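Presented below is the structure to which this report refers.
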There are 2 protein chains.
Amino acid sequence: MKNSNKFKAKIFRALSDPTRIEILEYLRDGEKCVCEIVPYLKIAQPLVSRHLAILKRNGLVMERKQGNKRLYSLSNPSVIKLIYAIDDEFMDLILKNIIEQMA
Amino acid sequence: MKNSNKFKAKIFRALSDPTRIEILEYLRDGEKCVCEIVPYLKIAQPLVSRHLAILKRNGLVMERKQGNKRLYSLSNPSVIKLIYAIDDEFMDLILKNIIEQMA
DNA sequence: ATAGTATATAACAATATTTAAATATTGTTA
DNA sequence: TAACAATATTTAAATATTGTTATATACTAT
């Protein structure tokens with residue numbers, strides 16, 4: 001087993017939650033504080049913090065303090081490419097899923 | 001929350017295991033039966049079957065019967081692109097992880 | 001110092017995922 | 001039909017993840 005696959009898997013795992021994908025897409029247009037992310041996503045603050053911690057632990061976002069607030073940003077904007085790659089390459093699958101769900 | 005993110009997350013989840021990545025990379029050079037995958041990965045057959053079932057359920061591999069055997073293949077070779085995108089875009093992260101692990 | 005604001009962390013319950021072991025299914029061959 | 005080979009499915013145990021609630025920390029303003 002190639003050792004690097006373990007770490008690729010970790011990155012995919014960090015991306016394997018819709019809330020985290022949403023956060024990453026939101027950060028695409030720049031640094032945001034938790035106080036902006038929470039009302040945007042409309043989910044509980046501690047949960048947002050935890051998702052951010054997971055993204056940070058996996059190197060996908062960076063954190064910066066500014067007074068009271070913590071500002072988060074993409075540490076590697078390529079992550080957006082990865083998310084869009086799914087749109088581009090697997091749209092048929094996504095559509096199939098959405099249609100199945102509606103039925 | 002964009003609905004499609006739920007399904008993107010599912011695809012990432014399917015990719016979030018090193019064994020499954022290994023299987024997909026192995027299938028890159030063509031259709032293989034379980035009887036080839038098991039000795040290649042050196043893990044228990046039921047476990048391989050389960051990983052294959054997860055990949056199939058998520059539309060990443062296809063199955064075909066041939067006599068006794070079941071042949072698996074990539075249903076969308078783009079998945080390999082996705083795996084390699086990580087190599088290309090996150091190599092620094094992967095290296096950091098590997099180095100941390102060695103220490 | 002005190003109170004308030006922003007955020008993180010901890011503890012918990014509910015749920016999902018992973019693994020290993022046992023068993024079942026399907027096709028093949030004698 | 002019986003025995004075998006290849007594979008899938010089931011089950012149970014262990015572990016991880018998610019969401020919720022409560023609490024802690026750290027900074028700001030008074």
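Atom set for the values below is all heavy atoms of this structure, side chains included, hydrogens, waters and symmetry mates excluded. Since this is a predicted model, take the numbers as computed values, not measurements.
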dA6(C) phosphate, OP1 or OP2, under 4.0 Å from Tyr72(A) side-chain N/O:
no
Take the protein atom NZ of Lys56(A) and the nucleotide atom C1' of dT9(C), then report the distance between them rounded to whole Å.
13 Å
Round to a whole Å and report the spacing from NZ of Lys42(A) to P of dT20(D).
15 Å
With the side chain counted from C-beta on, respond yes when Glu25(A) and Ile83(A) share a heavy-atom pair under 4.5 Å apart, and no when they do not.
yes
Ile54(A) CD1 to dT9(C) P: how many Å, rounded?
12 Å
Residues 47-54 of chain A, side-chain donor-acceptor partners within the protein, below 3.5 Å, at least two apart:
| from | atom 1 | to | atom 2 | distance (Å) |
| --- | --- | --- | --- | --- |
| Ser49(A) | OG | Gln45(A) | NE2 | 3.1 |
| His51(A) | ND1 | Arg20(A) | NH1 | 3.0 |

With sequence neighbours excluded, tell me which residues meet side-chain hydrogen bond (donor to acceptor under 3.5 Å, both in side chains) with Glu31(A).
Arg64(A)
Disulfide (SG to SG under 2.5 Å) contacts touching residues 2-78 of chain A (sequence neighbours left out)
Cys33(A)-Cys35(A)
Give the B/S/- string for nucleotides 21-30 of chain C, one per nucleotide from 5' to 3', where a protein heavy atom under 4.0 Å of the base yields B, of only the sugar-phosphate yields S, and otherwise -.
BB----BS--
With Lys32(A) via side-chain contact (heavy atoms from CB on, under 4.5 Å) - residues at least two apart
Tyr26(A), Leu27(A), Asp29(A), Glu36(A), Ile37(A)
The complete set of ring-ring contact (aromatic ring centres under 6.0 Å, His included) pairs with one or both residues in residues 68-93 of chain B, sequence neighbours excluded, reads none
Between atom CG in Asp17(B) and atom P in dA16(C), what is the gap in whole Å?
19 Å
Base-paired stems in DNA chain C, each at least three Watson-Crick or G-U pairs under 3.5 Å
C:1-30 with D:1-30
Rounded to the Å, how far apart are Arg64(B) CZ and dA6(D) P?
18 Å
With sequence neighbours left out, the residues meeting side-chain contact (heavy atoms from CB on, under 4.5 Å) with Leu95(B) are Met91(B)
With sequence neighbours excluded, give me every side chain to side chain donor-acceptor pair (under 3.5 Å) pair touching residues 52-62 of chain B.
Lys56(B)-Glu63(B)
Residues forming a side-chain hydrogen bond (donor to acceptor under 3.5 Å, both in side chains) with Ser73(A), sequence neighbours excluded:
none
Using whole Å, what does the distance between atom P of nucleotide dT7(D) and atom CD of Glu63(B) come to?
10 Å
Strand-adjacent residues in residues 26-39 of chain A, judged by heavy atoms under 4.0 Å from DNA chain C:
Cys33(A), Val34(A), Cys35(A)
Disulfide (SG to SG under 2.5 Å) partners of residues 44-77 of chain A, not counting sequence neighbours, each pair once:
none
Atom CG of Leu41(B) and atom C1' of dT18(C): how far apart are they, to the nearest Å?
16 Å
Hey, is the side chain of His51(B) poking within less than 4.0 Å of OP1 or OP2 on dT18(C), counting only N and O atoms?
no
Treating Ser75(B) as the side-chain partner and Leu60(B) as the backbone partner, does any N or O pair qualify as donor plus acceptor under 3.5 Å?
yes
Give the rounded distance in Å between these two atoms: CG of Leu52(A) and C1' of dA8(C).
11 Å
